[in-house]
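For reference, the structure discussed in these notes is given below.
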Amino acid sequence: MGVGIRILVAFLALAAAGVVTTRCAAQLRQDYYAAVCPSVESIVRDAVSKKVQETPIAVGATLRLFFHDCFVEGCDASVIMVSTGNNTAEKDHPSNLSLAGDGFDTVIKAKAAVDAVPQCTNQVSCADILAMATRDVIALAGGPSYAVELGRLDGLSSTSTSVDGKLPPPSFNLDQLTSLFAANNLSQADMIALSAAHTVGFAHCSTFSDRIQPASVDPTMDAGYASELQAACPAGVDPNVALEIDPITPHAFDNQYFVNLVNGRGLFTSDQVLYSDTRSQPTVVAWSQNSSDFEQAFVAAMTNLGRVGVKTDPSQGNIRRDCAFLN
């Protein structure tokens, strides 16, 4: 058997065993739209900037939307699609019901702005617009700006059942987090960096209430922080009440998230465990002290996230005329 055949057989065996990861960047490139819509980046940036000025919550909402999209069937904008009479879409899965509408609206408005330019009409995928919009909201909140690889097609299906087991609940420990991210070819360092998305955004009381029960406060949580949370989220609180995940600099994309963890002020179990577990603690401490190192790691992690399960072949996807519906 020739070397090439042996390699192919080995690859197919790994694929059958589920070992081959879902990251694919072979056909993504930064200048993908240079010929058909050369101004796409500035069009999206302007639309996103306007949206964020009107509704600052769009920053965390858009960033979370991108993560939830990529971890389910890859970065293909399938999370934006709406349910129909015979199909319950991803966005209506219990894990996605808390996605803020402003994230969806950011993409929809950016898509409308792109399509309003005759040369660009129906030339740019919703998946790529979401990737660019995510980069732009991060930069608008004071975070790093970076080049986005483009060329994703929009997925051809969106089902609620496809979400099962794909998104990390706030109760996950380090091993569970590391395993779930590894399934998407993301390293533990990628996972820790991407967790810092919690430096912006909100969370409902129900997502962390188990950590602040007066009779059994999570011992990894700062006592003063627990008292603040108990006051804001008392028993029987309105389920719509939501708190800022980063209480110190809630509207800034910065490394305060890691400073909070060092101080026992991580809101979720899945946040605080990054510091309380000695295996990940050194990374948290390092990034709490060096914002530039964190930003560099975050950009690398976002680039890797943007490659997860991308569809570049016309048999796998297309460019949706309306992000919420199949063509």
Side-chain angles (χ1 to χ4, degrees), residues 15 18 20-29 32-33 36-37 40 44 61-97 99-101 103-112 114-115 120-135 148-168 180-181 183-186 194 302-327:
V20 176
T21 56
T22 56
R23 189 195 297 177
C24 176
Q27 293 174 286
L28 298 182
R29 63 181 193 272
Y32 185 83
Y33 295 104
V36 296
C37 184
V40 64
V44 171
T62 304
L63 178 51
R64 188 161 177 247
L65 185 68
F66 183 60
F67 177 83
H68 279 233
D69 181 47
C70 292
F71 260 47
V72 180
E73 305 299 328
C75 308
D76 64 353
S78 53
V79 73
I80 302 176
M81 291 175 60
V82 299
S83 297
T84 58
N86 58 358
N87 177 65
T88 303
E90 286 178 31
K91 68 182 298 185
D92 288 323
H93 185 277
S95 296
N96 284 331
L97 292 177
L99 289 171
F104 296 94
D105 192 51
T106 299
V107 179
I108 290 168
K109 287 185 173 176
K111 167 74 167 169
V114 171
D115 285 347
C120 302
T121 306
N122 297 329
Q123 297 294 322
V124 183
S125 69
C126 301
D128 278 343
I129 289 174
L130 174 54
M132 286 183 278
T134 301
R135 181 268 313 275
V148 174
E149 296 173 335
L150 302 169
R152 303 166 188 79
L153 293 176
D154 297 325
L156 302 177
S157 69
S158 177
T159 62
S160 176
T161 54
S162 65
V163 182
D164 293 341
K166 299 291 181 60
L167 296 169
L180 185 60
F181 278 70
N184 291 291
N185 204 20
L186 296 165
L194 292 170
M302 286 296 289
T303 300
N304 290 336
L305 175 61
R307 296 170 176 171
V308 172
V310 295
K311 299 164 177 64
T312 57
D313 188 288
S315 66
Q316 302 173 316
N318 56 24
I319 294 176
R320 279 186 229 133
R321 290 186 291 272
D322 184 326
C323 293
F325 299 93
L326 292 175
N327 289 344

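When side chains are defined from C-beta on, L194 counts as touching L186, because their heavy atoms get closer than 4.5 Å. Contact annotation: the side chain of V163 never approaches that of E73 to less than 4.5 Å [non-hydrogen atoms, C-beta and beyond]. Annotation: side chain of L326 is in contact with side chain of M81 (closest heavy-atom distance under 4.5 Å). Contact of the D322 side chain with the F325 side chain is registered, since non-hydrogen atoms from C-beta on lie closer than 4.5 Å. Side-chain contact between V308 and F67 is absent, with no heavy-atom pair separated by less than 4.5 Å.
Remark: side-chain polar atoms of D313 are paired, donor with acceptor, to backbone N or O of S315 under 3.5 angstrom. Of the possible polar contacts, none joining the R152 side chain to the R307 backbone as a donor-acceptor pair under 3.5 Å is found. Proximity of a side-chain donor or acceptor of N318 to a complementary backbone N or O of P314 within less than 3.5 Å is not detected. In terms of modelled atom types and a separation under 3.5 Å, the side chain of D154 and the main chain of S125 share no donor-acceptor contact. At distances below 3.5 Å, at least one donor-acceptor pair connects side-chain atoms of N87 with backbone N or O atoms of S158.
No option in T303, V310, L150, V148 other than V310 meets the side chain to side chain contact (heavy atoms under 4.5 Å, CB included) test with L28. Screening V107, T106, D105 for a side chain to side chain contact (heavy atoms under 4.5 Å, CB included) with K109, the sole residue that qualifies is D105.
Listed here is the closest heavy atom pair of V79 and L99: CG2-CD1, 3.9 Å. Here the closest heavy-atom approach between residue I319 and residue Q123 is recorded as CD1-O, 3.2 Å. Taking both residues in full, the closest heavy atoms of K166 and F71 are given as O-CD2, 3.3 Å, listed atom of the first, atom of the second, then distance. When all heavy atoms are compared, the tightest approach of K91 to I80 is CD-O, 4.1 Å. For the residue pair R320 and D76, the shortest heavy atom distance occurs at NH2-O, 3.2 Å. For N122 against D115, the heavy-atom pair with the smallest separation is N-OD1, 3.0 Å.
In this structure, R29 does not pair ionically with E149, as no charged nitrogen and carboxylate oxygen lie closer than 4.0 Å.
Of the N and O atoms on the side chains of D128 and Y32, not one donor lies less than 3.5 Å from an acceptor on the other residue. Side-chain N/O atoms of S83 and D92 include a donor and acceptor closer than 3.5 Å. Counted by atom type alone, N86 and T84 present one or more donor-acceptor pairs between their side chains at under 3.5 Å. For the residue pair S78/E90, the side-chain donor-acceptor check at 3.5 Å is satisfied.
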### Query
Would T159 and T88 count as a side chain to side chain contact (heavy atoms under 4.5 Å, CB included) if you check the C-alpha gap in whole Å, the side-chain angles of each, and the deciding distance to 0.1 Å?
CA-CA 6 Å; T159 62; T88 303; over 6 Å; no

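Atom CZ of F104 and atom SG of C323 lie 11.0 Å apart (nearest 0.5 Å). Between the CG atom of L130 and the SG atom of C70 there is a distance of 7.0 Å, given to the nearest 0.5 Å. Between the OG1 atom in T62 and the CE atom in M132 there is a gap of 13.5 Å [rounded to 0.5 Å]. Separation of atoms CZ (F181) and CG (N184) is listed at 8.0 Å; rounding is to 0.5 Å. Interatomic distance, L156 CG to Q316 CD, rounded to the nearest 0.5 Å: 9.0 Å.
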